[in-house]
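Working notes, structure below.
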Amino acid sequence: MDRLWTPHRMVYIGGQDKPVDDRSSSCPFCRVPALSDEDGLVVARGTWCFVVLNLYPYNPGHLMVCPYRHVSDYTELTPEETDELARLSQRAMQVTRAVSGPDGFNLGMNQGAVAGAGIAAHLHQHVVPRWSGDANFLPIVAHTKAVPELLGDTRARLAAAWGAAPSVAPDQAAVADENDVAPVAPTSEES
(Lines give C-alpha, C1' and ligand atoms only; values in the text may rest on other atoms or scores of the structure.)
Protein backbone atom coordinates (compact mmCIF):
# COMPACT_ATOMS: atom_id res chain seq x y z
CA MET A 1 0.00 0.00 0.00
CA ASP A 2 1.30 3.45 -0.92
CA ARG A 3 1.18 6.26 1.60
CA LEU A 4 0.31 9.85 0.95
CA TRP A 5 1.99 11.97 3.60
CA THR A 6 0.19 15.16 4.60
CA PRO A 7 1.97 16.34 7.75
CA HIS A 8 0.42 19.82 7.44
CA ARG A 9 -2.92 18.26 8.50
CA MET A 10 -1.49 17.41 11.93
CA VAL A 11 -1.68 21.10 12.82
CA TYR A 12 -5.47 20.95 12.40
CA ILE A 13 -5.83 17.57 14.07
CA GLY A 14 -3.66 18.72 16.98
CA GLY A 15 -5.76 21.83 17.48
CA GLN A 16 -3.08 24.45 16.77
CA ASP A 17 -4.61 27.90 16.27
CA LYS A 18 -7.87 26.80 17.91
CA PRO A 19 -8.95 29.22 20.60
CA VAL A 20 -8.41 28.08 24.17
CA ASP A 21 -11.64 29.84 25.20
CA ASP A 22 -14.39 32.02 23.73
CA ARG A 23 -12.62 35.35 24.34
CA SER A 24 -11.51 37.48 21.42
CA SER A 25 -7.92 37.53 22.73
CA SER A 26 -7.50 33.86 21.75
CA CYS A 27 -9.52 34.04 18.51
CA PRO A 28 -7.63 33.58 15.23
CA PHE A 29 -10.32 35.54 13.34
CA CYS A 30 -9.69 38.50 15.65
CA ARG A 31 -5.90 38.26 15.12
CA VAL A 32 -5.98 37.99 11.31
CA PRO A 33 -7.04 41.61 10.55
CA ALA A 34 -3.91 42.93 12.31
CA LEU A 35 -1.65 40.87 10.00
CA SER A 36 -0.62 41.75 6.47
CA ASP A 37 -2.94 40.35 3.82
CA GLU A 38 -0.26 37.85 2.79
CA ASP A 39 0.48 36.63 6.33
CA GLY A 40 -3.20 36.47 7.29
CA LEU A 41 -4.29 35.01 3.92
CA VAL A 42 -6.75 37.91 3.62
CA VAL A 43 -8.23 38.22 0.13
CA ALA A 44 -10.35 41.35 0.69
CA ARG A 45 -11.30 43.78 3.45
CA GLY A 46 -14.57 45.61 3.84
CA THR A 47 -15.78 48.09 6.43
CA TRP A 48 -17.49 45.53 8.69
CA CYS A 49 -16.19 42.17 7.40
CA PHE A 50 -13.20 40.60 5.68
CA VAL A 51 -12.59 37.62 3.38
CA VAL A 52 -9.90 35.11 4.28
CA LEU A 53 -8.73 31.75 2.92
CA ASN A 54 -9.43 28.77 5.12
CA LEU A 55 -6.17 27.32 6.50
CA TYR A 56 -7.71 23.83 6.30
CA PRO A 57 -9.72 24.01 3.06
CA TYR A 58 -12.32 21.51 1.93
CA ASN A 59 -11.39 22.48 -1.64
CA PRO A 60 -8.92 24.87 -3.27
CA GLY A 61 -10.15 28.45 -2.89
CA HIS A 62 -12.25 27.73 0.22
CA LEU A 63 -12.96 31.21 1.57
CA MET A 64 -14.52 32.47 4.79
CA VAL A 65 -16.29 35.79 5.26
CA CYS A 66 -15.91 37.02 8.85
CA PRO A 67 -17.09 40.11 10.70
CA TYR A 68 -14.28 42.05 12.35
CA ARG A 69 -16.34 42.12 15.53
CA HIS A 70 -16.03 39.04 17.77
CA VAL A 71 -19.59 37.70 17.64
CA SER A 72 -20.76 34.09 17.61
CA ASP A 73 -24.41 34.15 16.60
CA TYR A 74 -25.85 35.30 13.29
CA THR A 75 -28.69 37.08 15.10
CA GLU A 76 -26.13 39.27 16.90
CA LEU A 77 -24.86 40.88 13.69
CA THR A 78 -25.78 44.50 13.04
CA PRO A 79 -27.72 45.27 9.86
CA GLU A 80 -24.51 46.72 8.35
CA GLU A 81 -22.53 43.56 9.17
CA THR A 82 -25.30 41.33 7.81
CA ASP A 83 -25.44 43.29 4.55
CA GLU A 84 -21.68 43.33 4.04
CA LEU A 85 -21.32 39.64 4.92
CA ALA A 86 -23.88 38.86 2.18
CA ARG A 87 -22.28 41.22 -0.37
CA LEU A 88 -18.78 39.86 0.28
CA SER A 89 -20.07 36.28 -0.01
CA GLN A 90 -21.57 37.15 -3.40
CA ARG A 91 -18.33 38.85 -4.46
CA ALA A 92 -16.32 35.83 -3.29
CA MET A 93 -18.40 33.64 -5.59
CA GLN A 94 -17.97 36.05 -8.54
CA VAL A 95 -14.21 36.28 -8.10
CA THR A 96 -13.80 32.53 -7.60
CA ARG A 97 -15.83 31.89 -10.76
CA ALA A 98 -13.58 34.25 -12.71
CA VAL A 99 -10.35 32.79 -11.31
CA SER A 100 -11.08 29.07 -10.95
CA GLY A 101 -14.28 28.26 -12.87
CA PRO A 102 -15.98 25.98 -10.31
CA ASP A 103 -19.18 24.13 -11.25
CA GLY A 104 -20.96 25.20 -8.06
CA PHE A 105 -20.56 26.32 -4.45
CA ASN A 106 -21.41 25.30 -0.92
CA LEU A 107 -22.28 28.30 1.25
CA GLY A 108 -22.95 28.13 4.94
CA MET A 109 -22.15 28.79 8.54
CA ASN A 110 -22.12 26.35 11.42
CA GLN A 111 -23.69 27.93 14.49
CA GLY A 112 -22.21 26.32 17.61
CA ALA A 113 -19.72 23.51 18.17
CA VAL A 114 -22.50 20.91 18.09
CA ALA A 115 -23.38 22.12 14.58
CA GLY A 116 -19.80 21.61 13.40
CA ALA A 117 -18.22 25.02 14.00
CA GLY A 118 -14.47 24.56 14.51
CA ILE A 119 -14.29 28.08 15.92
CA ALA A 120 -17.75 28.60 17.37
CA ALA A 121 -17.02 31.88 19.18
CA HIS A 122 -16.52 33.92 15.97
CA LEU A 123 -19.13 33.67 13.24
CA HIS A 124 -17.83 32.97 9.75
CA GLN A 125 -19.53 32.12 6.46
CA HIS A 126 -17.90 29.42 4.32
CA VAL A 127 -17.74 29.89 0.54
CA VAL A 128 -16.55 26.54 -0.83
CA PRO A 129 -16.06 26.14 -4.59
CA ARG A 130 -17.07 22.74 -5.98
CA TRP A 131 -16.18 20.94 -9.19
CA SER A 132 -17.80 17.90 -10.76
CA GLY A 133 -15.78 14.93 -9.56
CA ASP A 134 -14.02 16.80 -6.73
CA ALA A 135 -15.03 14.06 -4.32
CA ASN A 136 -12.61 11.28 -5.18
CA PHE A 137 -11.12 8.29 -3.39
CA LEU A 138 -8.57 10.23 -1.29
CA PRO A 139 -10.93 11.51 1.42
CA ILE A 140 -12.55 8.09 1.68
CA VAL A 141 -9.53 5.82 1.50
CA ALA A 142 -6.73 8.03 2.81
CA HIS A 143 -8.74 10.53 4.89
CA THR A 144 -6.85 13.19 2.95
CA LYS A 145 -7.86 16.01 0.65
CA ALA A 146 -5.51 16.93 -2.19
CA VAL A 147 -5.13 20.69 -2.55
CA PRO A 148 -3.14 21.39 -5.73
CA GLU A 149 -2.00 24.93 -4.95
CA LEU A 150 -0.24 26.62 -2.04
CA LEU A 151 -2.58 28.81 0.02
CA GLY A 152 -0.40 31.88 -0.53
CA ASP A 153 -0.61 31.41 -4.31
CA THR A 154 -4.39 30.97 -4.15
CA ARG A 155 -4.71 34.11 -2.00
CA ALA A 156 -2.61 36.12 -4.46
CA ARG A 157 -4.69 35.02 -7.47
CA LEU A 158 -8.02 35.74 -5.75
CA ALA A 159 -6.86 39.08 -4.31
CA ALA A 160 -5.55 40.21 -7.69
CA ALA A 161 -8.87 39.36 -9.33
CA TRP A 162 -11.05 40.88 -6.58
CA GLY A 163 -11.18 44.30 -8.24
CA ALA A 164 -11.07 42.99 -11.80
CA ALA A 165 -13.83 40.34 -11.79
CA PRO A 166 -17.28 41.31 -13.05
CA SER A 167 -19.53 42.57 -10.26
CA VAL A 168 -22.70 41.13 -11.80
CA ALA A 169 -23.51 37.43 -11.49
CA PRO A 170 -23.89 35.66 -14.86
CA ASP A 171 -27.62 35.04 -14.35
CA GLN A 172 -28.21 38.73 -13.54
CA ALA A 173 -26.41 39.77 -16.72
CA ALA A 174 -28.64 37.46 -18.77
CA VAL A 175 -31.78 38.96 -17.21
CA ALA A 176 -30.47 42.47 -17.89
CA ASP A 177 -29.79 41.60 -21.54
CA GLU A 178 -33.28 40.16 -21.96
CA ASN A 179 -34.87 43.32 -20.55
CA ASP A 180 -32.43 45.58 -22.41
CA VAL A 181 -31.57 47.28 -19.11
CA ALA A 182 -28.01 47.46 -17.81
CA PRO A 183 -27.53 46.13 -14.25
CA VAL A 184 -26.40 48.66 -11.68
CA ALA A 185 -23.14 47.81 -9.93
CA PRO A 186 -22.94 48.78 -6.25
CA THR A 187 -21.11 52.01 -5.50
CA SER A 188 -17.96 51.95 -3.41
CA GLU A 189 -20.09 53.12 -0.47
CA GLU A 190 -22.42 50.13 -0.91
CA SER A 191 -19.75 47.46 -1.34
Side-chain angles (χ1 to χ4, degrees), residues 4 6 8-9 11-12 29 32 35-46 48-67 82-110 116-118 123-188 190-191:
L4 179 62
T6 56
H8 65 280
R9 295 291 297 167
V11 172
Y12 179 74
F29 295 137
V32 164
L35 301 173
S36 70
D37 289 353
E38 292 79 12
D39 289 340
L41 297 175
V42 174
V43 173
R45 296 174 189 260
W48 307 102
C49 302
F50 63 99
V51 182
V52 62
L53 274 173
N54 191 321
L55 276 176
Y56 312 104
Y58 295 129
N59 268 345
H62 177 170
L63 295 167
M64 295 179 294
V65 183
C66 309
T82 303
D83 182 59
E84 190 168 80
L85 186 116
R87 288 179 182 267
L88 288 174
S89 296
Q90 289 175 325
R91 189 74 181 134
M93 290 175 65
Q94 293 166 342
V95 169
T96 302
R97 275 193 188 110
V99 169
S100 303
D103 299 319
F105 289 89
N106 289 120
L107 297 176
M109 54 181 85
N110 302 321
L123 176 139
H124 51 284
Q125 165 119 315
H126 293 267
V127 180
V128 183
R130 300 298 307 267
W131 289 267
S132 297
D134 67 10
N136 57 35
F137 71 94
L138 282 175
I140 296 164
V141 175
H143 303 288
T144 301
K145 186 77 176 182
V147 179
E149 185 174 50
L150 295 173
L151 291 175
D153 294 345
T154 303
R155 190 217 67 82
R157 289 187 330 117
L158 290 169
W162 196 266
S167 61
V168 176
D171 56 331
Q172 290 173 329
V175 170
D177 289 345
E178 288 173 12
N179 296 327
D180 210 24
V181 176
V184 178
T187 65
S188 60
E190 294 174 321
S191 51

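Just so you know, residue 1 is the first one in the sequence shown, and it goes up from there. All values derive from a computational prediction rather than experimental measurement.
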| task | Would you sort out whether L123 and L85 count as a side chain to side chain contact (heavy atoms under 4.5 Å, CB included), showing the intermediate values? | result | CA-CA 10 Å; L123 176 139; L85 186 116; 3.9 Å; yes

Can you name the nearest heavy-atom pair linking [X] to [Y], along with the distance?
| X | Y | value |
| --- | --- | --- |
| P129 | P60 | CG-O, 3.1 Å |
| S100 | W131 | O-NE1, 3.5 Å |
| D39 | S36 | N-OG, 3.0 Å |
| Q125 | L107 | NE2-CB, 4.4 Å |
| L151 | L55 | CD1-O, 3.7 Å |
| P57 | N54 | CD-O, 3.5 Å |

Distance check, rounded to the nearest 0.5 Å: [X] atom [atom1] versus [Y] atom [atom2]?
| X | Y | atom1 | atom2 | value |
| --- | --- | --- | --- | --- |
| N59 | N106 | CG | CG | 8.5 Å |
| L53 | M64 | CG | CE | 8.0 Å |
| S89 | H126 | OG | NE2 | 11.0 Å |
| C49 | R87 | SG | CZ | 12.0 Å |

| Do you know which of V127, L63, V43, V65 makes side chain to side chain contact (heavy atoms under 4.5 Å, CB included) with L88? |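 It is V65, the one option of V127, L63, V43, V65 that forms the side chain to side chain contact (heavy atoms under 4.5 Å, CB included) with L88.
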
| query | Just by distance, do the side chain of R130 and the backbone of D103 share a donor-acceptor pair under 3.5 Å? | reply |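 No; judged by distance alone, with no hydrogens or angles, the pair does not exist.
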
| Side chains of R91 and Q94: donor-acceptor distance under 3.5 Å anywhere? |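 Side chains of R91 and Q94: pair found under 3.5 Å.
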
| Residues forming a ring-ring contact (aromatic ring centres under 6.0 Å, His included) with F29, sequence neighbours excluded |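 Checked F29 against ring-ring contact (aromatic ring centres under 6.0 Å, His included); matches are H122, H124.
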
